[in-house]
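Counting starts at 1 for both ligands and their atoms, following the listed order. Along the sequence shown, residues carry numbers from 1.
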Amino acid sequence: MRPHYGPPLEAPMTTANTKLYAQRRATLAQRIGPAGIAIIPTAPEHQRNRDSDFAFRHDSYFYYLSGFSEPKAWLVITGDGRCTLFCQAKDREREIWDGLRLGPEAAPQAIGVTEAFSSAELDTRLPALLDGREAVWYPFATHKGLETRIDGWLGSLRARVRYGTLAPEQQRDLCSVLDEMRLFKDAHEQDVMRRAARISAGAHVRAMQRCAGMIRTGQEVREYHLDAELLHEFRLHGSQYPAYGSIVAAGGNACVLHYRADAGRVPSGELVLIDAGCELDGYASDITRTFPANGVFTGPQRTLYELVLASQDAAIAATQAGARFTDPHDATVKVLAQGMLDVGLLDKNKVGGVEDVIETRAYFQFYMHRTGHWIGMDVHDCGAYTEPSEIGQISTRKDALTGDLIKDRPARILRAGMALTIEPGIYVRPAAGVPEQFHNIGIRIEDDAIVTDTGCELITRDVPVRVAEIEALMRA
Ligand code: GLY
Ligand code: MN
Ligand code: MN
């Protein structure tokens, strides 16, 4: 077996994977053109306190192009297709403390780069690599201190112009190229995302069943008990860590959109909202389920739950190649707005009919976020939300709630291979005129979808969403 380098990511690199990353680098080289050079650092390490660091997590762009997960590493890709890796030099003593390093000597053979050097040689080698290039590409506004570092290399090149050096005249944002590449998930990425989704779905099932089981046997349930179940299931199946801070919110806590799993009591008659997903081999999953702690929905809980579910069904039906990114959101809002009138959350004598509710955004009191986002290596993944081919078509409108002037550009057209979440919700904070039976109910239902030519593939449905299925699962 090959030794394993860096944090335990993907199974030791196979030839097939090496080719995959080489192909991505070749595509990038082609997009920056023969006179371009791209510089991509991995993520910095972060101190937590004194001599303890936060767990290292590679930079997504860097990993997308290399599959390499050690810290202190850089890629330099030139338009002619050469790729130079800078990585940690071998160091017997440090490797005893921190783990094996690949080292620059082994890197070309192991990960398919053209050449590799110690990261300690960055400052001496970068000016020569930049010499004679027209444009230097790097991710803008993503790595603190990167511009200063690049300025330094360009400065040392310019200081030698009398010796015939030629510094690049243009600095270009590499994110625009890489974001577009990452927006379309290839077969390998889709496979990893499906596996991550399956693990996360299992974790939700485990937390639901544990919750009902503890309540049935008279134990006090706290939010952290359920968080522990999620973590257990993630790690049990090889996930490296949660893709984001897990939300486990009992009762009214669910109305706090960014609530984190805390110590709140989970009372028997309340709903629990869990928004949690694991990261597996560099890819995120993102699932929300809302369920009754004791396994049986009350009338008002069920009424609102069915409404959110119907709005999600409408959003799913609107998710397919050729539709706009905003179509699922608009479909959600239509169903929710009508439902809010039907169940009395909104008073039609005050807010008018469904068209008025949408026009004035009166629904915003109970549904204040978008219905989805791209998902991939990052849970809120990169990729333009406006359609690149229509970028110049700007219309201006006045926002009904704030009065602000909003610039609208045509939303992105969905294409096969894009991945996004579909996550409508309803959050009812107590307020005058809001029926008391709905107070402190917070519901979100979130699934991850891969767009196909004819619709979308929901990859997170190994955990049920229908009321009867959730109740059956929690009885089991
Ligand atoms: N868990 C973050 C989100 O749903 O967007
Ligand atoms: Mn999400
Ligand atoms: Mn989520």
### Query
Does the side chain of E233 come under 3.5 Å of the side chain of H237 through a donor N or O and an acceptor N or O?
yes
### Query
Is it the case that more than 12 heavy atoms not belonging to R397 sit under 6.0 Å from its CZ atom?
yes
### Task
May I ask whether R444 places a heavy atom under 4.0 Å from ligand 1?
no
### Query
Looking at the rings of Y427 and H369, which for Trp means the six-membered one, are their centres under 6.0 Å apart?
yes
### Task
Decide if atom CD of E469 counts as having more than 12 heavy atoms of other residues, nucleotides or ligands within a radius under 6.0 Å.
yes
#### Entry: Interfacing atoms of ligand 1 (cut-off 4.0 Å, heavy-atom, H373)
3 (C), 4 (O), 5 (O)
### Task
Looking only at protein heavy atoms, identify the closest one to atom 5 (O) of ligand 1 and say how far it is in Å.
H380 NE2, 2.6 Å
#### Entry: For atom 3 (C) of ligand 1, closest protein heavy-atom neighbour
D286 OD2, 3.3 Å
### Message
Restricting to N/O/S atoms, is E446 within less than 2.8 Å of the Mn ion (ligand 3) or not?
### Response
yes
### Query
For the Mn ion (ligand 2), what is the closest N, O or S atom on D286?
OD2
### Query
Looking at the Mn ion (ligand 2), which N/O/S atom of E423 is the nearest one?
OE2
#### Entry: Atom indices of ligand 1 within 4.0 angstrom of Y244 heavy atoms, with elements
1 (N)
#### Entry: Within 6.0 Å of CD in E359, more than 12 heavy atoms from elsewhere
no
### Query
Is the closest side-chain donor-acceptor distance between H204 and D462 under 3.5 Å?
no
### Message
Is H380 close enough to the Mn ion (ligand 2) that one of its N, O or S atoms comes in under 2.8 Å?
### Response
no
#### Entry: Residue pair E223 / N253, side-chain donor-acceptor N/O under 3.5 Å
yes
